[in-house]
Every structure is written in C-alpha cells, then in structure tokens.
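This report concerns only the one structure given below.
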Amino acid sequence: ATSPFEFATLCEVFGVDRTTEGVPPIDLRVCGPVAGEPLRTTVGASLVPDHGLEGLRDARGSSARCVFRLRHKDGSWRHIEQLAVNRLDDPDVAGVILYLRDVTEERLRDDLTELPNRILFADRLQEAMDTPGGGPFSVALLELDRYELVKSTLGAEVADNMLVQFARRLRRAAREVWTVARIGEVEFAILMTGLDGAEDAQRQVRRLVETLAEPFHLAAQGIYSSATVGLCHSSQAPARADAVLRDAESALQRARGGG
C-alpha cells in the first residue's frame with residue numbers, strides 16, 4: 001500500500017494548541033508543466049477553515065481527504081489533493097498532519113483517452129484568446145457517429161475502444177501546437193491555431209474527418225463511422241471561452257439537424 005509519505009508532495013503538522021492565525025506561508029512544489037515552480041499559500045488561512053481540519057482535531061486517530069483549488073503564481077489554477085491525519089494522541093507527533101500533492105493533470109484529463117477534458121480545453125482556449133497577437137484560431141467539434149450502435153450490439157468495452165482509436169487518429173492528424181480534447185461522451189474538440197482564415201479552418205476540419213476513411217478494428221471486424229462537425233472561427237468569437245464553446249456546439253447541433 002502507498003504510504004502517506006509517498007502520497008505527499010508536502011507535509012505540514014498542526015499542533016493541538018496552534019491557532020489558524022499567523023501560520024507562516026509554505027511552498028508547494030508542483031509537478032507537471034510548471035515543475036519546480038513554487039505555489040505560495042497560507043495553510044492556516046486557506047486550508048483549515050475550508051476543509052474541515054477543525055473538526056478533525058476532535059476525532060483522534062481519524063483522517064480526511066479532499067481536493068481544492070489554489071492559484072499558482074503564473075495565474076493558473078492548480079488542483080491540490082489533501083490527506084489530513086489526526087496524530088494528536090501520538091506523543092512523537094502531537095498534531096494533525098497534512099499531506100498535499102498536485103493532482104491538476106489527473107483531474108484535467110479524460111481517463112479513457114488520456115486527452116485533455118473540457119475544463120483543460122476551456123483553459124487553453126481562453127489562453128489562446130487572451131494572447132496578444134496570437135492570430136486567428138478555430139474550434140472544431142467532432143461528434144463520432146455510430147457509437148451507440150456499436151455499444152448496443154458489441155458492448156460498452158468495444159465502443160470505448162472505438163473512442164480510443166478515434167482519439168489516436170485525431171492526435172496524429174492534428175498539428176503539434178493544437179489541443180485535442182474529449183469534452184463529451186462522443187464529442188471531441190480541437191483548438192486549431194496558426195490558421196490562414198476561415199477557409200483554412202474548413203480545410204483542416206476536412207482533413208481531420210478524413211481520418212475516418214479507414215475502418216475501426218473492433219471485435220475482429222472492420223467498422224466504418226463518420227463524424228458530425230461544428231466549427232467556430234475566431235472572427236466570429238466572443239471574448240470568453242465558454243461562449244466560443246457554446247457557438248461551436250450550436251454549429252454542431254445545426255449540422256446534426258441537417259443530417
């Protein structure tokens with residue numbers, strides 16, 4: 001079993017007589033794309049009131065786990081998992097131990113395809129929108145057809161394999177700087193940057209759809225599928241990522257309605 005020390009990126013002990021006021025700031029060394037960069041927070045002010053440590057102090061020998069968000073110095077939000085263990089009865093500790101680790105990447109990726117999820121996609125979209133001189137971009141939504149048919153006839157595991165294969169095809173076809181994400185059960189989103197305009201965006205979408213020309217190899221048979229596409233270009237985009245996604249989803253609904 002994993003020990004608390006293997007679980008932790010940082011460990012802090014609260015003594016039984018310590019108040020939450022005046023607790024010094026700590027450094028949490030985060031992993032992932034900002035490895036080694038310090039994330040500053042005040043443990044007493046930020047963690048204790050919000051995450052139930054006061055009640056834990058009265059429950060000797062107990063533990064509690066939660067996930068919360070903290071803002072990194074680069075402006076991004078980091079998701080922090082906290083394990084609190086009451087060791088007040090242990091004379092060698094005489095306190096409540098906090099074990100903390102950064103789980104941002106775990107929470108922001110789709111478990112099945114390992115692609116970014118909707119939250120991370122929206123973050124990257126907003127970043128692209130806020131970058132001065134970043135140039136035009138487009139958001140394409142691709143909804144994989146025939147998933148429900150495969151699921152009902154061949155089973156959920158085979159249908160999930162279909163999604164995994166489609167995700168791999170999209171990643172191979174996308175440019176390295178683009179973001180490919182799974183934002184719904186059968187819905188994939190691509191943030192396309194470095195484009196020459198709306199016509200170029202449409203050409204790129206056709207190229208992505210062409211990844212479906214080859215059959216999916218599922219349950220010892222080849223199964224063909226298609227995709228329904230919604231596209232939103234930056235020239236018509238509002239100032240917020242969620243509004244851009246709504247526009248792209250509206251375009252997808254119109255395409256779906258048109259058969």
Side-chain angles (χ1 to χ4, degrees), residues 30-34 37 39 67-81 102-144 163 166-167 169-171 173-209 211 227-257:
V30 299
C31 58
V34 286
E37 292 292 333
L39 182 154
V67 177
F68 56 92
R69 296 198 309 163
L70 291 176
R71 189 176 288 280
H72 191 272
K73 72 173 186 178
D74 67 5
S76 65
W77 284 100
R78 309 300 294 177
H79 294 261
I80 308 302
E81 185 174 17
D102 182 9
V103 293
T104 304
E105 293 302 314
E106 296 175 25
R107 289 180 60 84
L108 298 182
R109 292 195 176 271
D110 174 55
D111 291 337
L112 178 66
T113 64
E114 299 182 350
L115 293 176
N117 63 15
R118 188 184 186 95
I119 298 173
L120 182 53
F121 182 83
D123 284 347
R124 293 190 178 170
L125 174 56
Q126 191 66 58
E127 181 181 355
M129 297 169 65
D130 293 342
T131 301
F137 66 86
S138 291
V139 172
L141 300 187
L142 279 71
E143 185 177 78
L144 184 63
L163 294 175
F166 186 45
R169 294 184 187 189
L170 290 177
R171 277 189 300 216
R175 295 177 184 172
E176 186 175 351
V177 295
W178 293 357
T179 297
V180 180
R182 183 188 179 204
I183 64 171
E185 184 178 32
V186 295
E187 194 172 298
F188 294 80
I190 301 94
L191 171 59
M192 302 182 293
T193 56
L195 302 177
D196 293 329
E199 291 186 1
D200 187 22
Q202 293 171 357
R203 285 194 296 269
Q204 298 301 330
V205 167
R206 287 195 293 270
R207 188 171 61 83
L208 292 170
V209 173
T211 64
T228 306
V229 180
L231 179 64
C232 177
H233 190 60
S234 59
S235 62
Q236 63 198 66
R240 290 183 54 84
D242 55 354
V244 175
L245 278 171
R246 283 197 299 270
D247 286 350
E249 286 169 342
S250 295
L252 180 64
Q253 290 175 1
R254 291 193 296 272
R256 191 186 299 128

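Because the structure is predicted, anything quoted here is derived from the model rather than measured.
Annotation: salt bridge (Lys or Arg N to Asp or Glu O under 4.0 Å) contacts involving residues 196-205, sequence neighbours excluded, comprise D200-R203. Every pair passing side chain to side chain donor-acceptor pair (under 3.5 Å) that includes a residue from residues 111-124 is listed here, sequence neighbours excluded: D110-T113, R118-E249.
Not a single salt bridge (Lys or Arg N to Asp or Glu O under 4.0 Å) links E127 to another residue, sequence neighbours left out. Residues that satisfy the side chain to side chain donor-acceptor pair (under 3.5 Å) test with R207, not counting sequence neighbours, are Q204. By the side chain to side chain contact (heavy atoms under 4.5 Å, CB included) test, A251 pairs with R254, sequence neighbours left out. Shown here are the salt bridge (Lys or Arg N to Asp or Glu O under 4.0 Å) partners of R175, two or more places apart in sequence or in another chain: there are none. Partners of A181 by side chain to side chain contact (heavy atoms under 4.5 Å, CB included), not counting sequence neighbours, listed by chain and number: P116, F121, I183. Remark: E143 pairs with R256 by the salt bridge (Lys or Arg N to Asp or Glu O under 4.0 Å) rule, at least two apart or across chains. Residues passing the ring pair (Phe, Tyr, Trp, His ring centres under 6.0 Å) test with F188, sequence neighbours excluded: F166. Remark: T228 engages D145 in a side chain to side chain donor-acceptor pair (under 3.5 Å) (not counting sequence neighbours). When the salt bridge (Lys or Arg N to Asp or Glu O under 4.0 Å) test is applied to R169, no partner is found at least two apart in sequence or on another chain. Not counting sequence neighbours, the partners of D242 by the side chain to side chain donor-acceptor pair (under 3.5 Å) test are R240.
Residues T193 and W178 are in side-chain contact: their nearest non-hydrogen atoms beyond the backbone lie under 4.5 Å apart.
Of all heavy-atom pairs spanning A255 and V229, the tightest one is CB-O, 3.2 Å. Closest of all the heavy-atom pairs between Q126 and A241 is OE1-N, 2.8 Å. In terms of heavy-atom proximity, L141 sits nearest to L252 at O-CD1, 4.0 Å.
Separation of atoms CG (L170) and CG (L144) is listed at 9.0 Å; rounding is to 0.5 Å. Within the model, atoms CG of L120 and CZ of R182 stand 15.0 Å from one another, a figure rounded to the nearest 0.5 Å. We find the NE2-CE distance between H233 and M192 to be 9.0 Å, quoted to the nearest 0.5 Å. Going from atom OG of S138 over to atom CD of Q202 covers 8.5 Å, rounded to the nearest 0.5 Å. Of the inter-residue distances, the one linking L231 atom CG with I190 atom CD1 reads 10.0 Å to the nearest 0.5 angstrom.
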